[in-house]
**Student:** 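The structure that follows is given in the form of structure tokens.
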Amino acid sequence: MSTTLFLGLALSVSAPGLKDPPAKSPTVEGEWAVESGLVGGKPDTGLFRNPIDKIVIASGKWSVHRAGQAPGSTEITFDPKKDPPEFTFTGSNDQGGIYKLEGDTLTICYELGGAKRPQSFDSPIGSNVRIMVLKRIKPAK
């Protein structure tokens, strides 16, 4: 075996492989279905009395889509650097909450009509704290 061939084989075996591209951070943007909700420690029947077909989060907007109605939307900002991560519905009545994104599940927590931002994912009995669990709607292939 020639020295050149041996050296070439040794280098190719010991050379580091190409690294996988960095994984994209999960994003809250997309289409979401409401899986469940609590308010005041009890099931949030208001979410299902007038069912939400989907919630769309895109380009700084939170849009609620219901059958037979024009979508209602509001501006929303997210701050993933806070602990826990925070969101704020902006406009004439700024309202804030917290969220967590775990894979294809988005959980949001905020006080209905309140200006106080919850600090934990808890909806005590008698409170106006709403917790919504959303599942990502995957695009049809």
Side-chain angles (χ1 to χ4, degrees), residues 1 3-141:
M1 188 184 293
T3 307
T4 307
L5 178 60
F6 180 73
L7 184 58
L9 283 172
L11 286 175
S12 66
V13 170
S14 65
L18 295 176
K19 290 185 179 181
D20 291 331
K24 285 175 52 178
S25 296
T27 177
V28 295
E29 292 215 350
E31 295 184 355
W32 300 89
V34 177
E35 182 174 83
S36 65
L38 287 175
V39 70
K42 298 180 181 177
D44 189 351
T45 56
L47 285 174
F48 302 101
R49 194 173 311 121
N50 185 6
I52 296 172
D53 292 330
K54 66 182 173 182
I55 293 172
V56 178
I57 303 171
S59 303
K61 297 275 188 198
W62 167 279
S63 301
V64 177
H65 297 252
R66 290 185 163 96
Q69 297 179 11
S73 70
T74 189
E75 291 181 13
I76 191 169
T77 58
F78 291 91
D79 188 350
K81 293 180 180 150
K82 298 282 181 136
D83 186 23
E86 297 179 352
F87 71 89
T88 304
F89 292 118
T90 57
S92 61
N93 188 14
D94 289 2
Q95 181 174 4
I98 56 176
Y99 74 97
K100 61 183 169 183
L101 180 61
E102 300 168 310
D104 288 332
T105 301
L106 174 63
T107 305
I108 66 165
C109 178
Y110 62 98
E111 186 175 353
L112 292 168
K116 216 164 64 173
R117 187 184 307 272
Q119 297 302 305
S120 65
F121 293 90
D122 188 30
S123 179
I125 292 177
S127 72
N128 284 327
V129 176
R130 172 181 273 169
I131 298 174
M132 291 174 60
V133 178
L134 311 174
K135 289 288 186 184
R136 188 179 302 276
I137 299 171
K138 299 198 178 190
K141 292 183 178 188

**Student:** Table please: side-chain donor-acceptor pairs of residues 41-48 below 3.5 Å, with sequence neighbours left out.
**Tutor:**
residue, atom, partner, partner atom, Å
D44, OD1, G46, N, 3.3
D44, OD2, R130, NE, 2.6
D44, OD2, R130, NH2, 3.0
T45, OG1, R49, NH2, 3.4

**Student:** Side chain to side chain contact (heavy atoms under 4.5 Å, CB included) with A58: which residues, sequence neighbours excluded?
**Tutor:**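 Once residues adjacent in sequence are excluded, the partners of A58 under the side chain to side chain contact (heavy atoms under 4.5 Å, CB included) criterion are E29, V56.
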**Student:** Under 4.5 Å between any side-chain heavy atoms of W32 and R136, yes or no?
**Tutor:**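 In contact.
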**Student:** Indicate yes or no: at least one non-hydrogen side-chain atom of K116 is less than 4.5 angstrom from one of N128.
**Tutor:**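 When only atoms from C-beta onward are counted, N128 and K116 do not touch, as no gap falls below 4.5 Å.
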**Student:** Looking at CD1 of I52 and OG of S63, how far apart are the two atoms once the value is rounded to the nearest 0.5 Å?
**Tutor:**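 So the gap between those two atoms works out to 12.0 Å.
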**Student:** Please work out whether the ring planes of W62 and F87 are parallel, tilted or perpendicular, with thresholds of 30° and 60°.
**Tutor:**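 Parallel, since the angle between the ring planes stays under 30°.
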**Student:** Out of curiosity, L134 CG to S36 OG, how far, rounded to the nearest 0.5 Å?
**Tutor:**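 So the gap between those two atoms works out to 8.5 Å.
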**Student:** Any idea which heavy atoms bring D122 and V129 closest together, and the distance?
**Tutor:**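 Nearest heavy atoms, D122 then V129: O-CG1, 3.3 Å.
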**Student:** As an exercise, state the distance from CD of E35 to CE of M132, rounded to the nearest 0.5 Å.
**Tutor:**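 The CD atom of E35 sits 11.5 Å away from the CE atom of M132.
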**Student:** Run the salt bridge (charged side-chain N to carboxylate O under 4.0 Å, His left out) test against K138 and tell me which residues pass, sequence neighbours left out.
**Tutor:**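 Expected list: D104.
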**Student:** State, with a plain yes or no, whether a side-chain heavy atom of I57 is found less than 4.5 Å away from one of L106.
**Tutor:**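 In short, these two side chains touch, coming nearer than 4.5 Å.
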**Student:** Specify the closest pair of heavy atoms between P118 and G97, including all atoms of both residues, with the distance to one decimal.
**Tutor:**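 In this case the closest contact between P118 and G97 is CD-CA, 4.2 Å.
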**Student:** Run the side chain to side chain donor-acceptor pair (under 3.5 Å) test against K135 and tell me which residues pass, sequence neighbours left out.
**Tutor:**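 Only T105 meet the side chain to side chain donor-acceptor pair (under 3.5 Å) criterion with K135.
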**Student:** Using the salt bridge (charged side-chain N to carboxylate O under 4.0 Å, His left out) rule, collect all pairs that involve residues 64-80, keeping only residues at least two apart or in two chains.
**Tutor:**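 Listed by first then second residue: K61-E75.
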**Student:** When rounded to the nearest 0.5 angstrom, what is the spacing between CD1 in I76 and CD1 in I55?
**Tutor:**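 Going from the CD1 atom of I76 to the CD1 atom of I55 covers 9.5 Å.
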**Student:** Apply side chain to side chain contact (heavy atoms under 4.5 Å, CB included) to P84 and list each qualifying residue two or more places apart in sequence or on a separate chain.
**Tutor:**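 For P84 the side chain to side chain contact (heavy atoms under 4.5 Å, CB included) partners, ignoring immediate neighbours, are I98, F121.
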**Student:** Identify the heavy atoms of I131 and C109 that sit nearest to each other, and give their distance.
**Tutor:**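 For I131 versus C109, the nearest heavy atoms are CG1-SG, 3.8 Å.
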**Student:** Is the backbone of G40 close enough, under 3.5 Å, to the side chain of S123 for a donor and an acceptor to pair up by distance?
**Tutor:**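 Checked: pair present.
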**Student:** Looking at every heavy atom in both Q119 and R117, which two are closest together, and how far apart are they?
**Tutor:**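 So the minimum-distance heavy-atom pair works out to NE2-O, 3.1 Å.
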